[in-house]
Structures are given as C-alpha cells and as structure tokens.
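Please see the structure below; I have some questions.
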Amino acid sequence: MDEQVAGVAGVVVLAAGAGTRMKSRTSKLLHQIAGRSLLSYAIRAAEHLDPEHLVVVVGHEREQIEEHLADIAPQVTIAVQEQQNGTGDAVRSGLEQLAGVDGEIVVTYGDVPLLTGETLAELVGVHRANGDAVTVLSTVLEEPFGYGRIVRDSDGDQVAAIVEQKDATPAQAAITEINAGIYVFDAEILRDGLASLTTDNAQGELYLTDVVKFARGEGRDVHSHILDDRWQAEGVNDRVQLAALGQEANRRLLEKWMRAGVTILDPASTWVHDTVDLAPDVTLLPGTSLEGATSVASGATIGPDTTLIDVEVREDASVVRTHGSLAIIGVRASVGPFAYLRPGTELSEDGKIGTFVETKNAKIGPGAKVPHLTYAGDVEIGESANIGAGTIFANYDGVTKSKSVIGKASFVGSNSVIVAPVEVADGAYVAAGSAITEPVGPGELAVARGRQRNIPGWVAKRREGTKTHQAAAEAGDNEGTAEQ
Ligand code: UD1
Ligand code: CA
C-alpha cells in the first residue's frame with residue numbers, strides 16, 4: 001500500500017465515553033501503556049495522516065482530557081459531546097467543528113492504542129482505490145461477542161450493513177468479521193447519513209454504524225479493509241485489557257529494538273517505554289526497565305534488575321542493579337551494583353559510582369571514583385579523584401543545603417564526613433575517618449579526628465579470663481597473667 005497518503009481533510013477522535021470499568025479517578029484515556037497515555041497513541045496515529053483538521057470529541061472527564069491535550073497536542077480542536085447518546089451523536093458533535101469541510105473524514109477512537117498511523121494510511125488507500133463513500137476497518141475474531149458484525153452483500157464484495165451485538169439475529173451473531181470502529185467517510189455522505197439516524201435500536205442510541213446502510217441506500221460503495229493484526233483493533237475498557245495491551249505494546253517495541261541491533265536477553269522481564277531511544281549494540285539484561293526520556297548509546301550494558309527514568313547512558317557504559325532518574329552516565333563509566341542515582345547526577349567518562357552509593361546533584365569528573373557505601377549530595381568531584389569507602393557528603397544542616405567540592409586527583413580516606421559548604425583543593429588528601437569542616441589546600445593532608453592512644457595491659461586488667469585475654473598472653477602480652 002502507498003505509504004505516501006496525502007493529507008486527509010479531517011480526523012475525528014472519539015473520546016467522550018465514560019470508561020466506568022476502569023474504576024479510576026483518572027480518565028481512562030490518560031492511563032498509560034509503555035509510558036504514554038492511551039489518547040496520545042490515537043493522536044499520533046491521526047497525525048500520521050497529516051490531516052487539515054484534527055478534532056477530539058470529549059465529554060466525560062473532559063477537564064482532565066483537555067488539560068492533557070493542551071500538554072501533548074495543543075494543535076487539536078476540541079469538540080464537546082454534552083450527553084453520550086452514541087457514536088453517531090459523538091461524530092455529529094465532532095462535525096460541528098468541521099463546518100464546510102469536504103473530502104475524507106477519518107473517524108477513530110481514543111482508546112485503541114495499538115492502531116498505527118500506517119494502518120490508517122492503508123485504510124485511506126483502500127478508500128481511494130475503491131472510490132468508496134465509506135471504508136470500514138474490520139478484523140476476524142474467533143469470539144466476536146460484543147462487537148458490531150460486518151454484514152456483506154450476497155456476492156460478498158461490499159458491506160451491506162453493520163449490526164450491533166444487541167440487535168443481531170442469531171445468523172448475524174454467527175458472523176466473525178467485526179467492526180473495529182475505525183472508518184474513512186466521504187464528508188457529504190457522513191453529514192447526510194448522520195442527519196438520517198434514529199434511535200430505533202436495542203440501545204436507543206444514535207449508531208454511527210447505520211451510516212453504512214444509508215450510503216448503500218444512496219447507491220454508494222462501502223468496503224471493509226480486513227486487518228490481520230487483531231491487536232490493532234483492540235480497545236481498553238478495564239485494567240485487565242490495559243495490562244494485556246501494555247504487554248503487547250512492550251513486546252512490539254522490544255521486537256523493533258532487537259531488529260535494530262539491540263540485544264535483549266529476556267524480553268519477558270524487560271520493559272522499554274515508547275519514549276526511549278536505544279542504539280545498536282546496546283545490551284539489556286533481565287529485569288531492566290527503561291522509562292521516560294531515557295537513551296542508551298552503543299556498546300552500553302544495562303541490568304540485570306535496573307530501572308532508569310530519564311537517564312542518558314553514553315557509549316560503552318555499564319549499569320548494574322541500579323535505580324536512576326534524571327542522570328547522565330558517561331562514556332565507559334560504570335555504575336552499581338546497587339546504586340541509587342538521583343536527579344542531577346552527572347558521571348563523566350571512565351568514572352565509577354559503585355556499590356551502595358547514593359548520589360544527588362553530583363558532578364563526578366572524568367575517571368573519578370566513588371566506589372563503595374557513600375552518600376554524595378550536592379557535590380563536585382574533580383577528575384581522577386578517589387572517594388574512600390563510607391564517605392558521607394553532609395549537605396544538609398537541617399535548614400539549608402550546601403555544596404562541597406573535591407579537587408582534581410584528590411583522595412578522601414574511608415569513613416570521612418565532608419561537611420558542606422567546604423572545598424578540598426586539587427591534589428589534596430583527607431585522612432580516613434576525618435570530619436572535614438575547613439577548606440583543605442593543594443598538596444595538604446587534612447587529619448580531623450582524635451589521635452590514637454594505646455593503653456598497655458588494658459585487656460589483662462579489665463578482661464581477665466576472657467578468650468581475648470588468653471590470646472593477648474599467647475601473643476606475648478607480658479603485662480597479662482593468663483594461665484600458661
Ligand atoms: C462501537 C461500534 C461497534 C464496534 C465497536 C468497536 C457503534 C454503534 N458500534 O461499539 O460496531 O464493533 O465500537 O469497538 O458505533 N463514544 C463517544 N460518545 C458516545 C459513545 C461512544 O465518544 O456517545 C466513544 C467511546 O468513548 C469509545 C468509542 O466511542 O471510544 C466507542 O464506544 P463504545 O461504547 O466502546 O463502542 P460500542 O458502541 O460498544
Ligand atoms: Ca468499546
């Protein structure tokens with residue numbers, strides 16, 4: 001099918017329904033799969049047709065939906081359907097925003113997230129090739145219950161009518177080709193057809209589907225385009241379907257990335273949002289979840305058991321058993337296992353954030369290492385500096401947060417506290433166990449701890465008869481009197 005479908009006159013996205021079965025205070029259309037709202041998928045697919053007008057029909061929870069649209073698609077026109085009197089009534093509301101518009105009008109739903117723009121373009125292609133008044137997207141289901149059925153002419157070529165489940169005769173109910181609810185209409189037929197609708201049916205609603213019969217009555221053509229990929233016709237009505245479609249969306253995304261050169265060891269336990277960008281030769285290990293605006297460059301390995309939200313991972317970096325958000329991980333840098341990167345973490349090339357390390361607003365220079373058991377908040381660590389195990393950057397005095405700086409190639413001994421605001425210059429040392437509150441100059445060693453004092457014979461006097469006492473005696477402690 002021609003991919004280059006030139007723009008259609010209008011797309012109307014129906015989004016006024018109640019979504020009661022979600023049992024949620026959030027509008028159904030704002031629930032997400034693969035990190036994007038259901039509605040955003042409908043908008044993206046519609047935009048693929050390059051429509052002159054894009055109208056979203058809202059009704060239930062319209063404030064939430066309008067606010068969301070202002071965020072993700074401020075260019076769309078909003079139409080309001082005051083009462084939900086059926087899909088025909090919803091499209092009437094939409095057309096009020098399209099007065100005088102001629103040509104092709106595509107109708108689609110806000111809650112069918114796997115439908116692609118390419119499928120819509122195919123549907124438009126079929127519509128044009130046939131010179132149809134209406135072209136219906138359909139699919140064949142083993143269990144068609146609940147859907148409108150496609151009733152064909154006796155010769156099987158054209159669609160004679162669409163019959164809703166509740167109005168179907170047993171023979172019609174046995175038909176397995178169903179209406180996906182997505183159509184291309186000739187605008188004029190659509191207007192006239194909608195004007196002719198009645199509520200004379202089992203649900204007392206205005207059925208958009210009755211426009212099909214109307215068009216045929218006018219001597220115009222109606223064909224269906226049968227979709228092999230039934231997932232694309234699937235809507236979300238409850239959280240069970242939300243999970244099923246979310247899983248399928250993820251499966252499709254992972255397949256796309258694997259075909260683009262990404263190694264994914266265990267697709268079943270790997271989740272990648274639709275908003276994520278991956279390069280060829282990235283490796284994702286089991287239990288990895290990549291969310292938001294995360295990007296991973298070539299040669300990097302993520303996982304196992306890692307969640308990254310809005311994180312930029314650069315070439316050949318490695319991130320093991322880590323939770324990170326709004327962070328940058330530099331070229332060849334290594335993170336984890338068991339690291340927690342909070343917003344504002346920037347690890348430069350060849351740097352290391354190791355085991356049981358938490359960072360926040362931490363700029364860590366090229367080749368610098370924070371390998372073990374550290375909290376690094378509001379800190380700048382210079383190139384090639386080394387931060388000893390158990391170092392704490394104390395950035396909060398209970399009232400304000402302050403920053404500390406560790407200079408280039410400096411060395412902070414284990415179990416130190418760097419009390420901000422304070423600066424350790426380039427090429428300086430901090431002795432292990434220090435509490436640093438004053439600046440340290442270049443080339444200086446700062447020692448900020450009690451001096452060591454040994455008390456001879458203490459064990460013999462205070463721990464007489466213990467195993468320790470015996471060991472001391474065996475080791476030659478002459479002050480002791482342990483039995484020989
Ligand atoms: C409709 C079709 C049915 C098709 C099915 C596919 C009609 C009469 N029937 O069924 O043939 O198989 O979709 O899913 O069209 N909506 C509004 N305003 C309304 C009513 C619905 O905006 O007054 C929106 C809903 O939010 C939803 C969509 O239209 O996104 C479909 O509505 P829904 O009630 O789910 O479809 P059915 O009428 O059951
Ligand atoms: Ca539905």
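All ligand and atom numbering here is 1-based and tracks the order in the structure. Counting from 1, the numbers follow the sequence of the chain as shown.
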Looking only at side chains, do Arg149 and Gln165 share a donor and an acceptor under 3.5 Å apart? yes
Counting only heavy atoms not in Gln83, do more than 12 sit closer than 6.0 Å to its CD atom? no
Close side-chain approach of Arg128 and Thr135, heavy atoms under 4.5 Å: no
For ligand 1, is Thr209 a contact, meaning one of its heavy atoms is under 4.0 Å away?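 Yes, that is the case, since the closest heavy atom of the residue is under 4.0 Å from the ligand.
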Please evaluate residues His60 and Gln84 with respect to the criterion side chain to side chain donor-acceptor pair (under 3.5 Å), reporting the C-alpha separation (whole Å), side-chain torsions for both, the decisive distance (0.1 Å), and the verdict. CA-CA 8 Å; His60 274 100; Gln84 280 63 61; 3.1 Å; yes
Show me which atoms of ligand 1 lie under 4.0 Å from any heavy atom of Ala90.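 What qualifies from ligand 1 is 17 (C), 18 (N), 22 (O).
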Does even one non-hydrogen atom of Gly235 get within less than 4.0 Å of ligand 1?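 Heavy atoms of Gly235 never come under 4.0 Å of ligand 1.
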Determine whether Asn395 and Val379 make a side-chain contact, defined as any pair of heavy atoms from C-beta on separated by less than 4.5 Å.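 Asn395 vs Val379: side chains apart.
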Only one of Thr198, Asp167, Asp200 clears side-chain hydrogen bond (donor to acceptor under 3.5 Å, both in side chains) with Tyr207; which?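 Of all the options given, the one that passes is Asp167.
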For ligand 1, which is the ligand I care about here, please tell me if Glu205 has any N or O atom under 3.5 Å from one of the ligand's N or O atoms. no
What are the atoms of ligand 1, with element, lying closer than 4.0 Å to any heavy atom of Tyr207?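 Every atom of ligand 1 under 4.0 Å from some heavy atom of Tyr207: 8 (C).
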If you round to the nearest 0.5 Å, how far is CZ of Arg25 from CD of Glu61?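 The CD atom of Glu61 sits 12.0 Å away from the CZ atom of Arg25.
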Under a 4.0 Å heavy-atom limit, does Asp111 contact ligand 1 with its side chain, its backbone, both, or neither?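 Under 4.0 Å from ligand 1, Asp111 contributes side-chain atoms alone.
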So Gln75 and Glu47, side chain to side chain donor-acceptor pair (under 3.5 Å) or not? Walk me through it. CA-CA 11 Å; Gln75 71 281 12; Glu47 294 282 16; 2.4 Å; yes
Checking contacts here: is it the side chain or the backbone of Ala16 that comes within 4.0 Å of ligand 1, counting heavy atoms only? Could be both or neither. both
Any idea which atoms of ligand 1 are less than 4.0 Å away from a heavy-atom of Gly148?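 With Gly148 as reference, the close atoms of ligand 1 come out as 3 (C), 4 (C), 11 (O), 12 (O).
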Is any side-chain heavy atom of Thr263 closer than 4.5 Å to a side-chain heavy atom of Val282? no
Please indicate whether any nitrogen or oxygen in Gly17 is less than 3.5 Å from any nitrogen or oxygen in ligand 1.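 By distance alone, the answer is yes.
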Using a strict cut-off of 4.0 Å, indicate which atoms of ligand 1 neighbour a heavy atom of Ala180.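 That gives atoms 6 (C) of ligand 1.
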Looking at side-chain heavy atoms only, is the closest gap between Ile328 and Glu346 below 4.5 Å?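 Side-chain contact under 4.5 Å: yes.
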Counting heavy atoms under 4.0 Å, the part of Val112 that contacts ligand 1 is neither
For Gln83 and ligand 1, does the shortest N/O to N/O distance drop below 3.5 Å?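 It does not: no N or O of Gln83 is found under 3.5 Å from an N or O of ligand 1.
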Within-cut-off N or O pair, Gly86 and ligand 1, under 3.5 Å: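 Yes, since at least one N or O of Gly86 sits under 3.5 Å from an N or O of ligand 1.
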Please confirm whether Gln81 comes within less than 3.5 Å of ligand 1 when only nitrogen or oxygen atoms on both sides are compared. yes
Location of contacts on Ala233 toward ligand 1, heavy atoms closer than 4.0 Å: neither
Looking at Leu14, which atoms of ligand 1 are within less than 4.0 Å of one of its heavy atoms? 22 (O), 24 (C), 29 (O), 30 (O)
Is the count of non-hydrogen atoms from other residues, nucleotides or ligands lying under 6.0 Å from Glu67 atom CD greater than 12? no
Taking non-hydrogen atoms only, is Glu164 closer than 4.0 angstrom to ligand 1 via side chain, backbone, both or neither? side chain
I'd like to know if Ile178 contacts ligand 1, where contact means a heavy-atom distance under 4.0 Å to any ligand atom.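 Flag not set, Ile178 not near ligand 1.
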